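Because the structure is predicted, anything quoted here is derived from the model rather than measured. Computed from heavy atoms alone, side chains included, the values below leave out hydrogens, waters and symmetry copies. Sequence lines set the chain letters: A, B, ... in the order given, protein chains first and strands last, and positions in each chain run from 1.
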2 protein chains.
Amino acid sequence: MSTELRELLGDLVQANGRLVRVAARHLAGTRAAAESPAVWRTLGVLASRGPMRVSELAAHSRVAAPTMTKLVATLLERGHVRRTSDPSDARASTISITDDGRAAYDEWRGAVAAALAPYFTDLAPADLDALRRTVRLLQDRIELGESETRTEHQDADLEVSTK
Amino acid sequence: MSTELRELLGDLVQANGRLVRVAARHLAGTRAAAESPAVWRTLGVLASRGPMRVSELAAHSRVAAPTMTKLVATLLERGHVRRTSDPSDARASTISITDDGRAAYDEWRGAVAAALAPYFTDLAPADLDALRRTVRLLQDRIELGESETRTEHQDADLEVSTK
DNA sequence: CAAGATACTTAGGCATGCTAAGTATGTCAA
DNA sequence: TTGACATACTTAGCATGCCTAAGTATCTTG
């Protein structure tokens, strides 16, 4: 493991922290700020990976299960997600994003982009390339693999048409 | 403003959120987790920019002044920073990082790097380049300029379609 | 020297996260 | 069949992190 990579990762996390704070402060007062980061992270998972159970959602979103329970409750209140009981397991339920949730998520992304864009004007093509490549890299590496969703013993989760 | 840049910024913030969560969960239980992100962000500012007042620290760290007051109180308790009264202004005081604080900060960075490193093995040289370039880019763009310690930033047009 | 500006702190409130400890429900083996 | 254990999720309770509003000192100035 190169020393440089370690340095970079430390710097990356530090820079990320600031970036998030910058966005948060710019968003203050806008509708996008009404909900909070955890909410958007959760909606993002649902938007990109489709409906899933609370436990899976927690794993993908990298929070503890009880935390996700609360987030889901909030999202339900706002009408951003829908909960469907699972016919095959009365303990569980499937959470899916609603059109409203998707719209709110898109709006948030737009607001964040608008807030940060002024800081990234005049990007050299090479910088833009690097940014693009890094974003994809992060997405690839941090994404939760299919196998590690949980104790994976779900037999072929074939589209049960719950929606 | 290219549409692609906006997309990228949205994705970047989203990816960052997950990255931070991944690191947080890996760090759970370690000494590095004893303190929290805001604390490290603050120490990072002090480590890289030197001693400064509470208000400047708040501006650099992108939080409201009262928030920084609390953070400083925490850091003082832990012995990570030192507070010196300003002879020229009895209202203000200067905060500086202690050796202890610097050591703790370095340790945290090491812990974060160690936690995330496994996700970034086998990086293609081009990916490493992109990562390096992006980290520097973020640092440059988000860094608070000497002039703008105070709150005055171009608010751009925004227009977030808040309807 | 009184009025207003500043630097910071105190108060109060909400959101995120966690662990521990439930409550149902499901599974399996005797 | 049934009792023990595993699971899926929820409830409770606690510790930050952050914010706005409202102080409290302490400058600065007309």
Side-chain angles (χ1 to χ4, degrees), chain A residues 17-18 20-30 32-43 52-59 61-78 81 83-95 149-155, chain B residues 17-18 20-30 32-43 52-59 61-78 81 83-95 149-151:
Chain A
R18 294 198 203 179
V20 167
R21 292 299 311 146
V22 169
R25 306 215 93 197
H26 276 276
L27 260 46
T30 69
E35 322 290 341
S36 37
V39 159
W40 304 121
R41 218 170 50 241
T42 306
L43 279 182
M52 61 182 77
R53 295 180 174 188
V54 172
S55 53
E56 295 173 303
L57 205 39
S61 207
R62 310 281 185 174
V63 299
T67 301
M68 187 46 67
T69 289
K70 273 192 217 169
L71 284 172
V72 166
T74 302
L75 287 166
L76 279 170
E77 264 176 36
R78 310 284 203 274
V81 302
R83 150 171 261 150
T84 325
S85 51
D86 187 327
S88 73
D89 188 337
R91 294 168 304 177
S93 51
T94 298
I95 309 298
T149 295
R150 232 340 177 196
T151 47
E152 78 310 331
H153 69 83
Q154 50 222 184
D155 341 335
Chain B
R18 295 197 201 180
V20 167
R21 291 299 310 148
V22 169
R25 305 216 91 195
H26 275 277
L27 260 48
T30 70
E35 324 290 341
S36 39
V39 160
W40 302 121
R41 220 171 46 240
T42 306
L43 279 182
M52 60 182 78
R53 294 181 175 189
V54 173
S55 52
E56 295 173 302
L57 204 41
S61 206
R62 310 282 185 173
V63 298
T67 301
M68 188 47 67
T69 290
K70 273 193 215 166
L71 284 172
V72 166
T74 301
L75 287 165
L76 279 169
E77 264 176 36
R78 311 282 204 274
V81 302
R83 147 172 263 150
T84 327
S85 49
D86 187 327
S88 73
D89 188 337
R91 294 168 303 176
S93 50
T94 298
I95 308 299
T149 297
R150 207 74 194 98
T151 52

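Here the C1' atom of nucleotide D:dC19 and the CG atom of A:L27 are 14 Å apart, to the nearest Å. Note: CG (A:L71) to C1' (D:dT10) measures 14 Å, nearest angstrom. Atom CZ in B:R78 sits about 10 Å away from atom C1' in D:dT16, given to the nearest Å. For A:R91 and D:dT10, the CZ to P distance is 13 Å, given to the nearest whole Å. One can place CZ of A:R53 at 10 Å from C1' of D:dT7, the figure rounded to the nearest angstrom. Separating the CG atom of A:L57 from the C1' atom of D:dA8 is a distance of 14 Å, rounded to the nearest angstrom. A:D89 places its CG atom 7 Å from the P atom of C:dT27, with the value rounded to the nearest Å. Rounded to an integer number of Å, the gap from A:M68 CE to C:dA15 C1' is 14 Å.
Here A:A92 lies in heavy-atom contact (under 4.0 Å) with sugar-phosphate atoms only. At a threshold of 4.0 angstrom between heavy atoms, the contacts of A:A38 are confined to the sugar-phosphate backbone, with no base atom among them.
Atom CG of B:L57 and atom OG1 of B:T94 lie 11.0 Å apart (nearest 0.5 Å). Taking CG of A:L75 as the start and CH2 of A:W40 as the end, the distance is 8.5 Å to the nearest 0.5 Å. The distance from the CZ atom of B:R62 to the NE2 atom of A:H26 is 6.5 Å, given to the nearest 0.5 Å.
For B:P66, counting side-chain heavy atoms from C-beta on, the closest listed nucleotide (D:dA21, D:dT26, C:dT25) is D:dA21. With distances taken from any side-chain atom of B:T67 to the nucleotides D:dC19, C:dA15, D:dA8, the minimum falls on D:dC19. Closest to the A:A64 side chain, of the nucleotides C:dG26, D:dC19, C:dC18, is C:dC18. Side-chain proximity of B:A90 to D:dA21, C:dG26, D:dT26: nearest is D:dT26.
Contact detail for A:V81 and A:V72: the closest heavy-atom pair is CG2-O, 4.3 Å. Contact detail for B:M68 and B:A58: the closest heavy-atom pair is CB-CB, 3.8 Å.
In this model, the phosphate group of D:dC9 is not approached by any side-chain N or O of A:T69 to a distance below 4.0 Å at OP1 or OP2. A close approach under 4.0 Å does occur between a side-chain nitrogen or oxygen of A:R83 and OP1 or OP2 of D:dT10. For the pair B:R21 and C:dC18, the criterion of a side-chain N or O lying under 4.0 Å from OP1 or OP2 is met. Put simply, A:R25 has a side-chain N or O that comes within less than 4.0 Å of OP1 or OP2 on D:dC19. Side-chain N/O atoms of B:S55 include one lying less than 4.0 angstrom from OP1 or OP2 on C:dC8.
Checking A:K70 against B:V63, the closest nucleotide of DNA chain D that is more toward the 5' end is the one next to A:K70. Heavy-atom nearest nucleotides on DNA chain C were determined for A:R41 and for A:S88, and the one closer to the 5' end corresponds to A:R41.
Looking at heavy atoms from C-beta onward, B:R78 lies out of side-chain contact with B:V39 at the 4.5 angstrom threshold.
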